[in-house]
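The structure displayed is predicted, hence computed values, not measured ones. Below, chain A is the first sequence line, B the second, and so on; all start at residue 1.
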Amino acid sequence: MGWDQHLLTWFNAHQREMPWRSNPLPYWVWVSEIMLQQTQVATVIPYFNRFIAQFPTVEILAAANQQTVLKAWEGLGYYSRARNLHKAAQIVCNDHQGQLPDTYEGLQKIPGIGPYVGAAIASIAFSQPVPVVDGNVLRVFSRFWGIETDITKPQARVVIFSRLSPVIQAKTASNFNQAIMELGALICTPKSPNCTQCPLSFECIAFQTNRTTELPVKAKKAATPHYDIAVAVIWKDGKILIGKRKPDQLLGGMWEFPGGKQKPNESLAQTAEREATEETGLEIRVKDGFITVNHAYTHFKITLTAFNCEYFAGLASNKTTDEVRWVDPEELNDYPFPKANKKVVEAILAPKILAQTPLFEV
DNA sequence: AATACGGGGGT
DNA sequence: ACCCCAGTATT
């Protein structure tokens, strides 16, 4: 029996339940695979269930507005995935009669679908014998075949894709691809792989030569910089000013409080006032800071401090954002906020019990 | 080929 | 702290 058969047998016995596995409709596979990019299964499951309940078909997704889709994506990150999925749904409905292309090449013409998702949909939804090459696959086969190509280099994908292509078969393409990824997630883990339970260990070069800690070869990432950020929660007649970030940038289409990076020789309160004026044209004055949030993005880290601010003068304008809007505090949860700003929203809305002093002593 | 792009979980 | 995660688009 070949190693691929051992893999499939193991998968039949050990695969996890996932909502999109119960019924691999192309639309479900599509949505799940977009969500699963750089995101663990456990994180995706609740988002997937809510998303399918809210947008049960590609037509309903296409008809939704982008803000609704971003709100459904709120907290999941990589928001270009949501913007591309929404745009792609409209393309599929307008140009493809609501049907996804059913080939590896055709799928990759759809926005947001690259080599991985193209192969995943082609194999899982359409039984095409195309191998997926994700982070799990790179790790599993670097070890299994003793490949020493740095898996952060594009070349590693080419090498492993071409070696898997003659192995994968149409009849079992869906399970074959999912089995490798499941093996990578459950057994052939980055640290301390569970080789004693691995169905491929009998032929695994890394295991047989005791090199599982040396493979895969992977270049280290540079340390990310840290920035101090101040944001202004500007109050006027009981409303708060928020801005919508421009599309196709970091956190595009999401809402935020005006603010930015602290400059040298500047207090955080001064940062909040300067940035708020630069971004909105308003004249404001900081009253008090009320929360500090630490947050890590992909390429940098921030410490964000939020200040309650008093409005003095000016007409709010969208100098650096797509749109600015005065909203009631109770309306804040209707808007999609990225994580760090969401924590500021929660602090605004939280009852300030601890800050209150008793009205009278007994 | 290199870089930008979120956020959560594991060690 | 650092690494990793069912990657893609852009340069």
Counting only pairs under 3.5 Å, give me each side-chain donor-acceptor contact of residues 21-30 of chain A, with atom names and distances, residues two or more places apart or in other chains.
| from | atom 1 | to | atom 2 | distance (Å) |
| --- | --- | --- | --- | --- |
| A:Arg21 | NE | A:Gln178 | OE1 | 2.8 |
| A:Arg21 | NH1 | A:Arg16 | O | 2.9 |
| A:Arg21 | NH1 | A:Glu182 | OE2 | 3.2 |
| A:Arg21 | NH2 | A:Gln178 | OE1 | 3.4 |
| A:Ser22 | OG | A:Pro19 | O | 2.8 |
| A:Tyr27 | OH | A:Phe55 | O | 2.8 |

For this session: Runs of at least three consecutive Watson-Crick or G-U pairs, both distances under 3.5 Å, are what I'm after; which ones involve DNA chain B?
Result: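 For DNA chain B the paired stretches long enough to count as stems (3 pairs minimum) are B:1-5 with C:7-11, B:7-11 with C:1-5.
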
Exercise. Which is it for A:Glu323 and A:Lys246 under the salt bridge (charged side-chain N to carboxylate O under 4.0 Å, His left out) test, yes or no, and what are the steps along the way?
Worked result: CA-CA 8 Å; A:Glu323 181 184 347; A:Lys246 290 180 182 297; over 6 Å; no

Would you give me the side-chain donor-acceptor pairs under 3.5 Å for residues 266-277 of chain A, sequence neighbours excluded?
| from | atom 1 | to | atom 2 | distance (Å) |
| --- | --- | --- | --- | --- |
| A:Glu266 | OE1 | A:Lys263 | N | 2.9 |
| A:Glu266 | OE1 | A:Thr271 | OG1 | 2.7 |
| A:Glu266 | OE1 | A:Arg274 | NH2 | 3.1 |
| A:Glu266 | OE2 | A:Arg274 | NE | 2.6 |
| A:Ser267 | OG | A:Gln270 | N | 3.0 |
| A:Ser267 | OG | A:Gln270 | OE1 | 3.4 |
| A:Gln270 | OE1 | A:Ser267 | N | 2.8 |
| A:Thr271 | OG1 | A:Ser267 | O | 3.1 |
| A:Glu273 | OE1 | A:Arg285 | NH1 | 3.3 |
| A:Glu273 | OE2 | A:Val286 | N | 2.9 |
| A:Arg274 | NH1 | A:Glu278 | OE2 | 3.2 |
| A:Arg274 | NH2 | A:Lys261 | O | 3.0 |
| A:Thr277 | OG1 | A:Glu273 | O | 3.0 |
| A:Thr277 | OG1 | A:Leu282 | O | 2.9 |

Side-chain ([X]) to main-chain ([Y]) donor-acceptor, under 3.5 angstrom:
X        : Y        : value
A:Asp150 : A:Thr152 : yes
A:Thr43  : A:Val41  : no
A:Gln128 : A:Thr103 : no
A:Thr9   : A:Gln5   : yes

Pair [X] + [Y]: ring centers closer than 6.0 Å:
X        : Y        : value
A:Phe48  : A:Phe51  : no
A:His299 : A:Tyr297 : no
A:Phe300 : A:Tyr227 : yes

Exercise. Which ones in residues 118-138 of chain A lie close to DNA chain C, meaning a heavy atom under 4.0 Å from one of its atoms?
Worked result: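 Of all residues in residues 118-138 of chain A, the ones placing a heavy atom under 4.0 Å from DNA chain C are A:Asp134, A:Gly135, A:Asn136.
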
Exercise. Between residues 294-301 of chain A and DNA chain C, which residues have a heavy-atom gap below 4.0 Å?
Worked result: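 DNA chain C contact set from residues 294-301 of chain A: none.
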
For this session: Could you note down all residue pairs passing ring pair (Phe, Tyr, Trp, His ring centres under 6.0 Å) where residues 177-218 of chain A supplies at least one of them, sequence neighbours left out?
Result: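 The answer is A:His6-A:Phe202.
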
Do [X] and [Y] get their side chains close enough for a donor-acceptor pair, meaning under 3.5 Å?
X        : Y        : answer
A:Thr305 : A:Thr292 : yes
A:Arg143 : A:Ser201 : no
A:Asn194 : A:Ser192 : no
A:Asn65  : A:Thr68  : yes
A:Tyr335 : A:Glu74  : no
A:Thr224 : A:Lys301 : yes

Pull out every residue in [range] that has a heavy atom closer than 4.0 Å to any atom of DNA chain B, ordered by number, or say none.
range                       : value
residues 10-49 of chain A   : A:Gln38, A:Thr39, A:Gln40
residues 209-232 of chain A : none
residues 146-177 of chain A : A:Lys153, A:Pro154

Problem set entry | Same apolar cluster: A:Tyr47 and A:Val31, side chain cutoff 4.5 Å |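 Yes; tracing contacts between hydrophobic side chains, which count when under 4.5 Å, links both residues.
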
Exercise. Are A:Phe290 and A:Leu304 co-members of a hydrophobic cluster defined by side-chain heavy atoms under 4.5 Å apart?
Worked result: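 They do share one cluster, since a chain of ILVMFWY contacts under 4.5 Å joins A:Leu304 to A:Phe290.
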
Exercise. With sugar-phosphate meaning primed atoms plus P, OP1 and OP2, does A:Gly184 contact a base, only sugar-phosphate, or nothing at under 4.0 Å between heavy atoms?
Worked result: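 Contact class for A:Gly184: none.
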
Take atom [atom1] in [N] and the same atom in [M], then report the distance between them in whole Å.
N      : M     : atom1 : answer
C:dC5  : B:dC5 : C1'   : 15 Å
C:dC3  : B:dG6 : C1'   : 16 Å
B:dT11 : C:dA6 : P     : 14 Å

For this session: May I ask you to decide if the ring planes of A:Trp3 and A:Trp145 are parallel, tilted or perpendicular, using 30° and 60° as cut-offs?
Result: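 Aromatic pair A:Trp3/A:Trp145 classed perpendicular.
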
Could I get a table of every N or O pair under 3.5 Å where one atom is in the protein and the other is in nucleotides 9-11 of chain C?
| from | atom 1 | to | atom 2 | distance (Å) |
| --- | --- | --- | --- | --- |
| C:dA9 | OP1 | A:Gly112 | N | 2.4 |

For this session: Enter the distance from A:Gln108:CD to A:Ile121:CD1 here, rounded to the nearest 0.5 Å.
Result: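 With rounding to 0.5 Å, CD (A:Gln108) is 10.0 Å from CD1 (A:Ile121).
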
Exercise. When you match A:Lys343 and A:Ser192 each to their closest nucleotide on DNA chain B, which lands nearer the 5' end?
Worked result: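 Residue closer to the 5' terminus by nearest nucleotide: A:Lys343.
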
Problem set entry | DNA chain B: 5'-most and 3'-most nucleotides touching chain A, 4.0 angstrom heavy-atom criterion |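 Footprint of chain A along DNA chain B, 5' to 3': B:dA1 to B:dG9.
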
Atom pairs and distances, donor-acceptor, side-chain atoms in residues 130-142 of chain A, under 3.5 Å, two or more places apart:
| from | atom 1 | to | atom 2 | distance (Å) |
| --- | --- | --- | --- | --- |
| A:Asp134 | OD1 | A:Asn136 | N | 3.2 |
| A:Asp134 | OD1 | A:Val137 | N | 2.9 |
| A:Asp134 | OD2 | A:Asn136 | ND2 | 3.0 |
| A:Asn136 | OD1 | A:Arg139 | NH2 | 2.8 |
| A:Arg139 | NE | A:Cys188 | O | 2.7 |
| A:Arg139 | NH2 | A:Gly184 | O | 2.8 |
| A:Arg139 | NH2 | A:Cys188 | O | 3.4 |
| A:Ser142 | OG | A:Leu138 | O | 2.6 |

Exercise. Run the side-chain hydrogen bond (donor to acceptor under 3.5 Å, both in side chains) check on A:Tyr311 and A:Glu283 step by step: do they pass?
Worked result: CA-CA 7 Å; A:Tyr311 167 88; A:Glu283 190 184 327; over 6 Å; no

